[in-house]
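Report on one structure; see the data block that follows.
Being a predicted model, the structure only gives us computed values, none of them experimental.
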Amino acid sequence: MAATVDIAEMRKRQQAQNEEISTVSQAPGGNQRPNTCCFCWCCCCSCSWYVMQSIWYHIQRSLTVRNEERGEHAGRPTHTTKMENIQIEEECQTPTVEEILSWSHNFDKMMKSLAGQNLFREFLRTEYSEENLLFWLACEDLKNEQNTKIVEDKARNIYEDYISILSSKEVSLDSRVREVINRNLLDPTAHMYEDAQLQIYTLMHRDSFPRFLNSHVYKSLLEGTEDSTTES
């Protein structure tokens with residue numbers, strides 16, 4: 001009988017404590033008691049650190065996207081928009097059958113042709129890897145620049161658009177090349193991206209180009225050009 005009374009008394013005390021805690025946590029301006037997880041305070045601190053890191057990453061990414069959108073709305077001449085405009089202007093030029101056939105065994109020749117770049121870019125869009133070609137074109141444009149101030153601006157734009165891990169158009173580079181770029185960014189030059197450009201060029205040649213030759217994009221153009229030649 002005494003044991004039953006003790007248990008009932010303990011339950012009443014526990015309920016009273018819970019109500020007191022609930023009242024304090026809900027009081028306006030009161031000191032809220034921190035909630036603990038089911039593990040320990042150390043785990044809670046660790047969880048909080050990762051949450052804050054995640055929140056900060058998304059804030060930084062959001063700010064970056066907004067800055068890019070503001071730059072586009074304000075007409076900021078980024079590498080991307082410039083390269084896209086160059087390609088659009090040349091899209092009306094149709095290559096000959098001989099030129100198209102020559103691309104099948106000469107990647108370098110295709111990349112030197114504006115028509116070839118346009119067609120290859122259309123294919124890369126279908127594979128969601130258009131940024132590789134845009135990065136390569138931006139580096140080519142940078143190498144032709146002589147003005148030191150413009151070189152610096154273009155070099156930093158390329159970094160923000162294609163090298164930064166916060167960019168949606170980040171290209172795939174190994175850690176060694178990234179370290180070289182980070183060092184060169186302290187004193188940008190027109191040729192600071194040469195290693196990275198070669199790596200992306202090789203990636204497109206070995207990985208994307210074989211699939212391009214078997215794609216509907218390439219074959220349809222080849223067939224259409226052959227038909228028009230036959231009719232004429």
Side-chain angles (χ1 to χ4, degrees), residues 61 64-65 68-69 71-72 76-145 154-178 180-181 191-226:
R61 187 177 182 85
T64 301
V65 171
E68 288 179 354
E69 290 176 349
E72 290 175 358
R76 180 172 68 91
T78 62
H79 279 280
T80 303
T81 55
K82 182 173 181 180
M83 290 300 107
E84 288 175 352
N85 289 337
I86 291 174
Q87 299 306 301
I88 292 172
E89 291 173 1
E90 299 295 337
E91 284 179 353
C92 59
Q93 298 183 4
T94 303
T96 64
V97 177
E98 291 76 14
E99 187 177 4
I100 297 174
L101 287 173
S102 69
W103 297 343
S104 64
H105 52 79
N106 196 327
F107 180 71
D108 295 336
K109 187 172 183 179
M110 184 193 73
M111 290 294 285
K112 292 177 181 177
S113 165
L114 292 174
Q117 291 174 10
N118 282 327
L119 191 64
F120 190 49
R121 179 183 174 188
E122 183 179 344
F123 165 73
L124 292 178
R125 280 200 191 108
T126 66
E127 295 204 333
Y128 304 100
S129 57
E130 180 187 14
E131 65 275 2
N132 289 333
L133 179 58
L134 293 177
F135 169 71
W136 185 84
L137 290 171
C139 293
E140 287 293 290
D141 178 62
L142 177 63
K143 288 192 293 187
N144 293 326
E145 186 58 61
K154 287 185 175 182
R156 296 191 185 281
N157 284 338
I158 291 176
Y159 186 91
E160 293 174 2
D161 288 343
Y162 304 109
I163 308 300
S164 172
I165 60 174
L166 297 178
S167 174
S168 60
K169 298 175 289 186
E170 177 192 5
V171 296
S172 179
L173 298 171
D174 61 39
S175 58
R176 179 191 65 81
V177 172
R178 285 186 174 275
V180 172
I181 291 174
H191 296 272
M192 64 172 286
Y193 290 108
E194 281 191 337
D195 289 346
Q197 187 184 16
L198 177 60
Q199 192 169 104
I200 295 302
Y201 189 87
T202 303
L203 176 65
M204 291 190 294
H205 187 187
R206 295 179 178 177
D207 185 60
S208 302
F209 185 58
R211 293 196 299 274
F212 164 74
L213 296 177
N214 291 317
S215 70
H216 175 73
V217 173
Y218 176 74
K219 290 183 177 180
S220 61
L221 177 64
L222 182 61
E223 291 172 359
T225 309
E226 287 177 341

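When every heavy atom of Gln199 is checked against every heavy atom of Asp174, the shortest pair comes out as NE2-OD2, 2.8 Å. A pairwise comparison of heavy atoms in Ile163 and Glu170 identifies O-CG, 3.9 Å as the closest pair.
Of the residues Asn157, Leu134, Ile200, the one that meets the side-chain contact (heavy atoms from CB on, under 4.5 Å) test with Tyr162 is Leu134.
Atom CZ in Arg121 sits 12.0 Å away from atom CG in Leu114 (nearest 0.5 Å). Atoms CG and CD, from Leu222 and Glu99 in turn, are 12.0 Å apart once rounded to the nearest 0.5 Å. How far NE2 of His105 is from CE of Met110: 12.5 Å, rounded to the nearest 0.5 Å. Atoms CD1 and CH2, on Ile100 and Trp103 in that order, are 5.5 Å from each other to the nearest 0.5 Å. How far CE of Met192 is from CD1 of Ile158: 8.0 Å, rounded to the nearest 0.5 Å. Ile181 contributes atom CD1, which lies 6.0 Å from atom OH of Tyr193 (distance to the nearest 0.5 angstrom).
Under the 4.5 Å side-chain criterion, counting only non-hydrogen atoms from C-beta, Phe135 is not in contact with Asp161. Counting heavy atoms from C-beta outward, Val171 and Leu203 have side chains that stay 4.5 Å or more apart. A heavy-atom distance below 4.5 Å is found between the side chains of Leu137 and Leu133. Inter-residue side-chain proximity for Gln117 and Trp136 is flagged as met; some heavy-atom pair is nearer than 4.5 Å.
Residue pairs meeting the salt bridge (charged side-chain N to carboxylate O under 4.0 Å, His left out) criterion with at least one partner in residues 105-114, sequence neighbours excluded, do not occur; the list is empty. Within the structure, the side chain to side chain donor-acceptor pair (under 3.5 Å) test picks out the following pairs touching residues 205-216 (sequence neighbours left out): Glu127-Arg211, Asp207-Arg211.
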Report the C-alpha distance between Leu213 and Phe209 in whole Å, list the side-chain angles of each, state the deciding distance to 0.1 Å, and finish with yes or no for side chain to side chain contact (heavy atoms under 4.5 Å, CB included). CA-CA 6 Å; Leu213 296 177; Phe209 185 58; 3.8 Å; yes
Stepwise side chain to side chain contact (heavy atoms under 4.5 Å, CB included) check, Arg176 with Asp195: CA-CA 10 Å; Arg176 179 191 65 81; Asp195 289 346; 4.1 Å; yes
Intermediate values then yes/no, ring pair (Phe, Tyr, Trp, His ring centres under 6.0 Å), Phe120 and Phe212: CA-CA 7 Å; Phe120 190 49; Phe212 164 74; 5.3 Å; yes
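Under 4.0 Å is where a charged nitrogen must lie from a carboxylate oxygen, and between Glu140 and Lys143 at least one such pair does.
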